[in-house]
Asker: 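Sharing a structure with you now.
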Amino acid sequence: MSRFTDWLAERAAAREEAGLTRRLFASDTAGPMIDLAGNDYLGLSRHPRVVAGAVAAAERYGAGAGASRLVTGTLTVHERLERDLAAFTGFPTALVLSTGYHANLAAVSALADAETLIVSDAHVHASMIDACRLSRGQVAVAPHNDVAAVERFLAARTQPRAIVLVETIYSVLGDAAPVEELAAVCARHDAVLVADEAHALGVCGSGGRGLLHEAGLSGQDHVVATLTLSKSLGAQGGAVLATAAVRDHLVNTARPFIYDTGLAPAAAGAASVALRVVREEPERVERVRAVARALAKGGGVPEADGAVLAVAMPGPREAVAAVAAAAEQGVRIGCFRPPSTPDGISRLRLTAHAHLGDEELEHAVRVLEGLVG
Ligand SMILES: Cc1ncc(COP(=O)(O)O)c(C=O)c1O
């Protein structure tokens, strides 16, 4: 045994002891289940038109983009998707990247230098936290959704520039950020709001255009959005939505964009078609919200702002036991345990899906009532 293997064994034993060991499984081998765990909120990952969009793009442009975007990896399928995303969300421009994770790394690391204060909400996604580490700005963490605390940090700053990081719908608790107030505070203090719309796109706002669009904030100079193509759009990839000046800055300086192969054509083709389906079938957006309301009742929690619901559990073991009990009854639910929770509380995580049939939904609600009641 080397020190390295000793260390691995110690870490594994500590995880096991705390009930925090994670294991991968191939979900397609588990048999048919009602899915309340995934993020394919509108059921588009298997939509025949979306899958055909992926196939057509792969056939036309190849299995991979073949190079980074600044070399030969920019294809018309990317340009079309960028136009579509910008038009849908109301932003002047979009820049697509290979994941939503990259979108956050790129936006934050390119917009914050050593002379930038980064004020981050305490509950932002790991990709934003890692983005802060990658940038050279000083980071101040504001308590969750505490606009006054954000304002205090901005008012007291010594740096000439500042950015504020939030999610419009938080991925763990499922609650919404007060985006209008945050944008107003940013405007007052000459700061930029960088808001991750990963869980809002396709779910919130008119026709699923997101919470920034709903608040009339998309396209404003001091507002930048990031999003993923892997949730409501059922594909893969990410994007930054912003003014042309911000987009140009990212294209020229964002290392997670510059040094990464362009988004795979199949993912871009699928996302473009998915966006069209969302536009043409707004009833999917209505349905996902109705399903979220029904699940909230079943789980005994308040109605959610989006499609994500969180049910607090006494500890990680109870959360894992509830997941297993639901699985035995044919319902797949997720759970968040430390270190994936911002406050150390273990939670069941339920996600609403537009494509759940009425009978499936009734069964899922009964199972939830049994778990929490
Ligand atoms: C809020 C949020 N931002 C970013 C991401 C990363 O997106 P992607 O999976 O496309 O890398 C996720 C989850 O995956 C997320 O929940």
Side-chain angles (χ1 to χ4, degrees), residues 22 24 27 35 37-42 44-45 50 54 78 81 85 89 94-109 120-134 144-145 163-177 179 182 193-205 208 210-212 224-241 254 256-257 260-264 266-268 270-271 274-275 288 304-310 334-337 339-342 347 349-353:
R22 290 161 163 78
L24 297 171
S27 63
D35 181 17
N39 300 316
D40 181 14
Y41 299 130
L42 304 180
L44 296 184
S45 77
V50 176
H78 298 128
L81 175 59
L85 282 168
T89 57
L95 183 69
V96 298
L97 297 95
S98 48
T99 67
Y101 209 111
H102 280 77
N104 279 334
L105 293 184
V108 177
S109 64
S120 173
D121 186 279
H123 285 201
V124 293
H125 189 257
S127 52
M128 278 196 160
I129 296 170
D130 292 352
C132 291
R133 293 177 179 148
L134 200 60
H144 182 50
N145 273 349
I163 63 174
V164 173
L165 308 184
V166 301
E167 289 176 42
T168 56
I169 292 289
Y170 282 89
S171 50
V172 175
L173 295 189
D175 55 341
V179 286
L182 287 163
L193 180 65
V194 180
D196 182 341
E197 291 254 59
H199 295 273
L201 183 76
V203 176
C204 299
L211 284 178
L212 296 175
V224 172
T226 60
L227 50 83
T228 172
L229 313 176
S230 68
K231 301 190 192 298
S232 289
L233 299 184
Q236 185 98 33
V240 179
L241 303 158
F257 173 79
D260 188 40
T261 297
L263 178 64
L275 211 47
V288 78
D305 293 311
V308 179
L309 293 142
C335 77
F336 273 134
R337 296 170 281 162
S340 304
T341 54
R347 291 182 178 84
R349 181 175 184 271
L350 314 172
T351 49
H353 296 266

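Ligands are counted one by one from 1 in listed order, and the atoms in each one are counted from 1 as well. Hydrogens, waters and symmetry mates are skipped; everything else that's a heavy atom, side chains included, is used.
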Asker: Within a strict 4.5 Å, meaning less than it, do heavy atoms of the Leu201 and Lys231 side chains meet?
Answerer: no
Asker: Answer yes if the side chains of Glu197 and Thr168 hold a donor-acceptor pair under 3.5 Å, and no otherwise.
Answerer: yes
Asker: So, do Val179 and Leu212 sit near enough that their side-chain heavy atoms are less than 4.5 Å apart?
Answerer: yes
Asker: Note every protein N or O atom lying under 3.5 Å from an N or O atom of ligand 1, pairing the names and giving the distance.
Answerer:
from     : atom 1 : to     : atom 2 : distance (Å)
ligand 1 : 3 (N)  : Asp196 : OD2    : 2.6
ligand 1 : 10 (O) : Gly100 : N      : 2.8
ligand 1 : 10 (O) : Thr228 : OG1    : 2.6
ligand 1 : 10 (O) : Ser230 : OG     : 3.4
ligand 1 : 11 (O) : Gly100 : N      : 3.2
ligand 1 : 11 (O) : Tyr101 : N      : 2.9
ligand 1 : 14 (O) : Lys231 : NZ     : 2.9
ligand 1 : 16 (O) : His199 : NE2    : 2.6

Asker: Search all heavy atoms of Gly38 against all heavy atoms of Thr351 and return the closest pair with its distance.
Answerer: O-OG1, 2.6 Å
Asker: Any heavy-atom pair between the side chains of Leu81 and His78 that's under 4.5 Å?
Answerer: no
Asker: Tyr170: which residues meet the ring pair (Phe, Tyr, Trp, His ring centres under 6.0 Å) condition with it, sequence neighbours left out?
Answerer: His144
